[in-house]
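Chain letters run A, B, ... following the sequence lines, proteins first, then strands; residues in each count from 1. All values reported here derive from a predicted model rather than from experimental measurement.
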Number of protein chains: 2
Amino acid sequence: MLSIDLRDARPIYEQIADGIEQMAMHGIYQPDEQLPSVRQLAMELSINPNTIQRAYAELEHRKVTYSVKGKGSFISKDCQQLRIRKLSEIKKQLRNVAEQAVELGASRQQLIEWIQEKGE
Amino acid sequence: MLSIDLRDARPIYEQIADGIEQMAMHGIYQPDEQLPSVRQLAMELSINPNTIQRAYAELEHRKVTYSVKGKGSFISKDCQQLRIRKLSEIKKQLRNVAEQAVELGASRQQLIEWIQEKGE
DNA sequence: TAACTGTAACAACGCAAATAGTACAGTTGG
DNA sequence: CCAACTGTACTATTTGCGTTGTTACAGTTA
(Lines give C-alpha, C1' and ligand atoms only; values in the text may rest on other atoms or scores of the structure.)
Protein backbone atom coordinates (compact mmCIF):
# COMPACT_ATOMS: atom_id res chain seq x y z
CA MET A 1 0.00 0.00 0.00
CA LEU A 2 1.12 3.52 -0.76
CA SER A 3 2.19 5.50 2.22
CA ILE A 4 3.85 8.86 2.72
CA ASP A 5 6.67 9.32 5.18
CA LEU A 6 7.17 12.97 6.04
CA ARG A 7 10.54 12.14 7.61
CA ASP A 8 11.69 10.79 4.28
CA ALA A 9 14.11 13.18 2.61
CA ARG A 10 12.46 12.60 -0.76
CA PRO A 11 9.65 14.97 -1.75
CA ILE A 12 6.14 13.58 -1.57
CA TYR A 13 5.60 13.41 -5.32
CA GLU A 14 8.77 11.34 -5.64
CA GLN A 15 7.77 8.94 -2.88
CA ILE A 16 4.48 8.34 -4.66
CA ALA A 17 6.12 7.88 -8.04
CA ASP A 18 8.73 5.52 -6.59
CA GLY A 19 6.08 3.56 -4.73
CA ILE A 20 3.90 3.04 -7.77
CA GLU A 21 6.91 2.20 -9.91
CA GLN A 22 7.95 -0.41 -7.35
CA MET A 23 4.48 -1.96 -7.38
CA ALA A 24 4.48 -2.02 -11.18
CA MET A 25 7.93 -3.64 -11.30
CA HIS A 26 6.89 -6.23 -8.72
CA GLY A 27 3.74 -7.16 -10.56
CA ILE A 28 1.39 -5.80 -7.92
CA TYR A 29 0.03 -3.59 -10.67
CA GLN A 30 -0.70 -5.35 -13.93
CA PRO A 31 -0.15 -3.87 -17.42
CA ASP A 32 -3.01 -1.59 -18.51
CA GLU A 33 -4.38 -1.57 -14.97
CA GLN A 34 -5.93 1.77 -14.05
CA LEU A 35 -4.43 3.87 -11.28
CA PRO A 36 -6.62 5.73 -8.80
CA SER A 37 -7.62 9.11 -10.17
CA VAL A 38 -5.64 12.20 -9.26
CA ARG A 39 -8.39 13.57 -7.05
CA GLN A 40 -9.23 10.27 -5.42
CA LEU A 41 -5.63 9.49 -4.46
CA ALA A 42 -5.26 13.05 -3.22
CA MET A 43 -8.24 12.48 -0.95
CA GLU A 44 -6.97 9.14 0.32
CA LEU A 45 -3.53 10.47 1.18
CA SER A 46 -4.81 13.89 2.34
CA ILE A 47 -2.53 15.56 -0.18
CA ASN A 48 -3.09 18.33 -2.68
CA PRO A 49 -4.14 17.10 -6.14
CA ASN A 50 -1.32 19.10 -7.72
CA THR A 51 1.21 16.94 -5.90
CA ILE A 52 -0.41 13.77 -7.18
CA GLN A 53 -0.51 15.20 -10.66
CA ARG A 54 3.19 15.84 -10.47
CA ALA A 55 3.81 12.26 -9.34
CA TYR A 56 1.76 10.96 -12.27
CA ALA A 57 3.63 13.23 -14.68
CA GLU A 58 6.88 11.83 -13.32
CA LEU A 59 5.64 8.28 -13.80
CA GLU A 60 4.62 9.05 -17.36
CA HIS A 61 8.05 10.56 -18.00
CA ARG A 62 9.64 7.36 -16.70
CA LYS A 63 7.37 5.46 -19.08
CA VAL A 64 5.90 3.51 -16.18
CA THR A 65 2.40 4.74 -17.01
CA TYR A 66 0.43 6.43 -19.77
CA SER A 67 -2.48 8.83 -19.35
CA VAL A 68 -5.60 9.45 -21.41
CA LYS A 69 -7.58 12.65 -20.95
CA GLY A 70 -11.00 11.97 -19.60
CA LYS A 71 -10.29 8.29 -18.97
CA GLY A 72 -7.44 7.96 -16.49
CA SER A 73 -3.83 6.90 -15.93
CA PHE A 74 -2.73 3.35 -16.62
CA ILE A 75 0.26 1.10 -16.10
CA SER A 76 2.36 0.68 -19.24
CA LYS A 77 1.88 -2.39 -21.39
CA ASP A 78 5.57 -3.33 -21.49
CA CYS A 79 6.42 -3.57 -17.82
CA GLN A 80 8.79 -6.40 -18.62
CA GLN A 81 11.02 -4.22 -20.71
CA LEU A 82 10.89 -1.51 -18.05
CA ARG A 83 12.01 -4.03 -15.45
CA ILE A 84 15.00 -4.90 -17.58
CA ARG A 85 15.88 -1.26 -18.10
CA LYS A 86 15.58 -0.68 -14.37
CA LEU A 87 17.79 -3.65 -13.70
CA SER A 88 20.49 -2.27 -15.95
CA GLU A 89 20.44 0.98 -13.98
CA ILE A 90 20.91 -1.00 -10.81
CA LYS A 91 23.79 -2.88 -12.40
CA LYS A 92 25.53 0.45 -13.00
CA GLN A 93 24.99 1.44 -9.39
CA LEU A 94 26.30 -1.88 -8.18
CA ARG A 95 29.46 -1.65 -10.25
CA ASN A 96 29.91 1.93 -9.12
CA VAL A 97 29.67 1.09 -5.43
CA ALA A 98 31.90 -1.93 -5.97
CA GLU A 99 34.54 0.25 -7.56
CA GLN A 100 34.44 2.63 -4.61
CA ALA A 101 34.94 -0.27 -2.25
CA VAL A 102 37.91 -1.55 -4.23
CA GLU A 103 39.47 1.89 -4.23
CA LEU A 104 39.20 1.90 -0.46
CA GLY A 105 41.05 -1.38 -0.23
CA ALA A 106 38.41 -4.12 -0.37
CA SER A 107 39.10 -7.18 -2.50
CA ARG A 108 36.59 -8.41 -5.07
CA GLN A 109 36.35 -11.64 -3.09
CA GLN A 110 35.34 -9.56 -0.08
CA LEU A 111 32.53 -7.93 -2.03
CA ILE A 112 31.20 -11.29 -3.10
CA GLU A 113 31.09 -12.48 0.50
CA TRP A 114 29.21 -9.34 1.48
CA ILE A 115 26.57 -10.03 -1.12
CA GLN A 116 26.21 -13.64 -0.10
CA GLU A 117 25.97 -12.95 3.63
CA LYS A 118 22.50 -13.70 4.83
CA GLY A 119 20.15 -11.56 6.75
CA GLU A 120 19.23 -8.35 8.38
CA MET B 1 41.95 18.70 -7.76
CA LEU B 2 38.79 20.08 -6.20
CA SER B 3 36.17 21.23 -8.64
CA ILE B 4 32.58 22.42 -8.32
CA ASP B 5 29.85 21.24 -10.66
CA LEU B 6 26.81 23.50 -10.53
CA ARG B 7 24.75 20.88 -12.37
CA ASP B 8 25.47 18.45 -9.55
CA ALA B 9 22.39 17.91 -7.38
CA ARG B 10 24.50 18.03 -4.23
CA PRO B 11 24.98 21.43 -2.58
CA ILE B 12 28.35 23.06 -3.03
CA TYR B 13 29.49 22.60 0.55
CA GLU B 14 28.78 18.88 0.25
CA GLN B 15 30.68 18.54 -3.00
CA ILE B 16 33.67 20.16 -1.33
CA ALA B 17 33.36 18.00 1.79
CA ASP B 18 32.99 14.83 -0.30
CA GLY B 19 35.93 15.78 -2.49
CA ILE B 20 38.27 16.40 0.41
CA GLU B 21 37.09 13.26 2.17
CA GLN B 22 37.83 11.27 -0.98
CA MET B 23 41.32 12.69 -1.20
CA ALA B 24 41.94 11.92 2.45
CA MET B 25 40.68 8.35 2.07
CA HIS B 26 42.84 7.84 -1.01
CA GLY B 27 45.96 9.13 0.66
CA ILE B 28 46.24 12.23 -1.48
CA TYR B 29 46.05 14.15 1.75
CA GLN B 30 48.29 12.86 4.52
CA PRO B 31 47.36 12.80 8.23
CA ASP B 32 47.93 16.16 9.92
CA GLU B 33 48.34 17.83 6.56
CA GLN B 34 46.93 21.34 6.54
CA LEU B 35 44.03 22.24 4.29
CA PRO B 36 43.87 25.55 2.43
CA SER B 37 42.41 28.26 4.62
CA VAL B 38 38.73 29.11 4.43
CA ARG B 39 39.36 32.41 2.71
CA GLN B 40 42.03 31.09 0.35
CA LEU B 41 39.90 28.20 -0.91
CA ALA B 42 36.95 30.57 -1.24
CA MET B 43 39.10 32.77 -3.48
CA GLU B 44 40.33 29.84 -5.57
CA LEU B 45 36.85 28.46 -6.20
CA SER B 46 35.19 31.89 -6.43
CA ILE B 47 32.81 30.91 -3.66
CA ASN B 48 31.66 32.65 -0.54
CA PRO B 49 33.87 31.90 2.50
CA ASN B 50 30.79 30.88 4.48
CA THR B 51 30.20 28.01 2.08
CA ILE B 52 33.75 26.78 2.61
CA GLN B 53 33.32 27.13 6.33
CA ARG B 54 30.26 24.97 6.16
CA ALA B 55 32.12 22.33 4.18
CA TYR B 56 34.91 22.35 6.76
CA ALA B 57 32.37 22.08 9.59
CA GLU B 58 30.86 19.08 7.83
CA LEU B 59 34.29 17.49 7.46
CA GLU B 60 35.00 18.04 11.15
CA HIS B 61 31.63 16.50 12.01
CA ARG B 62 32.58 13.45 9.94
CA LYS B 63 35.87 13.36 11.87
CA VAL B 64 37.79 13.63 8.62
CA THR B 65 39.51 16.80 9.82
CA TYR B 66 40.10 18.80 12.97
CA SER B 67 40.35 22.56 13.24
CA VAL B 68 42.38 24.81 15.49
CA LYS B 69 41.43 28.44 15.90
CA GLY B 70 44.07 30.73 14.54
CA LYS B 71 46.09 27.89 13.02
CA GLY B 72 44.01 26.10 10.43
CA SER B 73 42.18 22.92 9.51
CA PHE B 74 44.01 19.61 9.29
CA ILE B 75 43.40 16.06 8.13
CA SER B 76 42.71 13.69 11.01
CA LYS B 77 45.51 11.53 12.40
CA ASP B 78 43.58 8.27 12.18
CA CYS B 79 42.66 8.12 8.52
CA GLN B 80 43.01 4.36 8.66
CA GLN B 81 40.13 3.97 11.07
CA LEU B 82 38.07 6.43 9.01
CA ARG B 83 38.75 4.35 5.91
CA ILE B 84 37.37 1.31 7.68
CA ARG B 85 34.28 3.15 8.83
CA LYS B 86 33.74 4.42 5.29
CA LEU B 87 34.14 0.93 3.93
CA SER B 88 31.42 -0.33 6.23
CA GLU B 89 29.07 2.34 4.92
CA ILE B 90 29.81 1.21 1.41
CA LYS B 91 29.11 -2.36 2.41
CA LYS B 92 25.63 -1.30 3.48
CA GLN B 93 25.09 0.46 0.15
CA LEU B 94 26.30 -2.58 -1.73
CA ARG B 95 23.98 -4.94 0.11
CA ASN B 96 21.13 -2.48 -0.38
CA VAL B 97 21.63 -2.25 -4.13
CA ALA B 98 22.09 -6.00 -4.33
CA GLU B 99 18.78 -6.55 -2.58
CA GLN B 100 17.02 -4.25 -5.02
CA ALA B 101 18.48 -6.21 -7.91
CA VAL B 102 17.33 -9.50 -6.44
CA GLU B 103 13.83 -8.11 -5.94
CA LEU B 104 13.77 -7.24 -9.63
CA GLY B 105 14.67 -10.78 -10.57
CA ALA B 106 18.45 -10.95 -10.70
CA SER B 107 20.17 -13.97 -9.20
CA ARG B 108 23.00 -13.62 -6.71
CA GLN B 109 25.25 -15.40 -9.20
CA GLN B 110 24.36 -12.71 -11.73
CA LEU B 111 25.43 -9.98 -9.30
CA ILE B 112 28.77 -11.66 -8.73
CA GLU B 113 29.40 -11.79 -12.46
CA TRP B 114 28.57 -8.10 -12.75
CA ILE B 115 31.14 -7.27 -10.12
CA GLN B 116 33.80 -9.42 -11.74
CA GLU B 117 33.25 -8.12 -15.26
CA LYS B 118 36.14 -5.97 -16.30
CA GLY B 119 35.25 -2.33 -16.68
CA GLU B 120 33.64 -1.43 -19.96
C1' DT C 1 -26.58 16.53 -19.14
C1' DA C 2 -24.13 15.40 -14.92
C1' DA C 3 -20.23 13.43 -13.05
C1' DC C 4 -16.29 11.71 -13.71
C1' DT C 5 -11.32 11.78 -15.92
C1' DG C 6 -6.51 14.39 -17.03
C1' DT C 7 -4.35 18.89 -17.61
C1' DA C 8 -3.00 23.71 -17.08
C1' DA C 9 -2.19 27.94 -14.75
C1' DC C 10 -1.46 31.15 -10.99
C1' DA C 11 -0.57 32.96 -6.38
C1' DA C 12 0.98 32.06 -1.81
C1' DC C 13 3.64 29.95 1.76
C1' DG C 14 7.52 27.44 4.12
C1' DC C 15 11.91 25.78 3.99
C1' DA C 16 16.70 24.99 2.97
C1' DA C 17 20.75 26.42 0.35
C1' DA C 18 23.60 29.91 -0.69
C1' DT C 19 25.23 34.72 -0.48
C1' DA C 20 26.87 38.98 1.73
C1' DG C 21 28.77 41.61 5.26
C1' DT C 22 30.51 42.27 9.73
C1' DA C 23 32.60 41.03 13.86
C1' DC C 24 35.16 38.33 17.32
C1' DA C 25 38.94 35.18 18.92
C1' DG C 26 43.29 32.76 18.67
C1' DT C 27 48.23 32.21 16.39
C1' DT C 28 52.33 33.72 14.26
C1' DG C 29 56.34 36.18 12.57
C1' DG C 30 58.69 40.54 12.41
C1' DC D 1 53.43 44.71 20.71
C1' DC D 2 51.39 44.62 16.12
C1' DA D 3 49.92 43.44 11.61
C1' DA D 4 48.36 39.65 9.12
C1' DC D 5 46.99 35.54 9.03
C1' DT D 6 43.92 31.56 10.94
C1' DG D 7 38.86 29.61 12.42
C1' DT D 8 34.26 30.91 14.11
C1' DA D 9 29.71 33.28 14.93
C1' DC D 10 25.81 35.93 13.74
C1' DT D 11 22.20 38.25 11.10
C1' DA D 12 19.91 39.68 6.90
C1' DT D 13 18.78 38.60 2.26
C1' DT D 14 18.10 36.14 -2.01
C1' DT D 15 16.98 32.14 -4.56
C1' DG D 16 14.92 27.77 -5.82
C1' DC D 17 12.00 23.92 -4.71
C1' DG D 18 8.08 21.57 -2.85
C1' DT D 19 3.54 22.00 -1.48
C1' DT D 20 -0.88 23.97 -1.09
C1' DG D 21 -5.22 26.20 -2.60
C1' DT D 22 -7.94 27.50 -6.18
C1' DT D 23 -9.92 27.98 -10.62
C1' DA D 24 -10.50 26.67 -15.15
C1' DC D 25 -10.51 23.97 -19.48
C1' DA D 26 -10.91 19.61 -22.22
C1' DG D 27 -12.19 14.89 -23.00
C1' DT D 28 -15.04 10.51 -21.62
C1' DT D 29 -18.93 8.05 -19.98
C1' DA D 30 -23.31 6.51 -18.10
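A donor and an acceptor atom, one from each side chain of B/Asp32 and B/Tyr66, are located under 3.5 Å apart. A/Glu44 and A/Gln40 share a donor-acceptor pair across their side chains, judged by distance under 3.5 Å alone.
Within the 4.0 Å cut-off from OP1 or OP2 of C/dT7, at least one side-chain nitrogen or oxygen of A/Ser67 is found.
Only A/Arg39, A/Ile47, A/Asn48, A/Asn50, listed by number, bring a heavy atom of residues 33-50 of chain A to less than 4.0 angstrom from any atom of DNA chain D.
The span of DNA chain D lying next to chain A, judged by atoms under 4.0 Å from heavy atoms, is bounded 5' to 3' by D/dG18 to D/dT29.
Atoms CZ (A/Phe74) and C1' (C/dG6) sit 10 Å apart, rounded to a whole Å. Rounding to whole angstrom units, CD1 of residue B/Ile4 and C1' of C/dA18 are separated by 13 Å. Counting to the nearest Å, the C1' atom of C/dC10 and the CD atom of A/Gln53 are 13 Å from each other.
Side chain of A/Glu103 to backbone of B/His26: no donor-acceptor contact under 3.5 angstrom is found. Judged by distance alone, with hydrogens and angles left aside, the side-chain atoms of B/Thr65 form no donor-acceptor pair with the main-chain N or O of B/Ser76 at under 3.5 Å. Within the 3.5 Å criterion, the main-chain N or O of A/Val97 finds no donor-acceptor partner in the side chain of A/Gln100.
Each of A/Arg54 and B/Ala57 was matched to the nucleotide of DNA chain D holding its nearest heavy atom; the match closer to the 5' end belongs to B/Ala57. Comparing A/Thr51 and B/Lys71 along DNA chain D, the residue whose closest nucleotide (by nearest heavy atom) sits nearer the 5' end is B/Lys71.
A salt bridge links A/Arg95 with B/Glu117: the distance from a Lys NZ or Arg NE/NH1/NH2 to an Asp or Glu carboxylate oxygen falls below 4.0 Å. We find that B/Glu89 and B/Lys86 are joined by a salt bridge, their nearest charged nitrogen and carboxylate oxygen being less than 4.0 Å apart. By the 4.0 Å N-to-carboxylate-O rule, A/Asp18 lies close enough to A/Arg62 to be salt-bridged with it.
For B/Tyr13, whose side chain is taken as the heavy atoms from C-beta onward, the closest listed nucleotide among C/dT7, C/dG26, C/dA17 is C/dA17.
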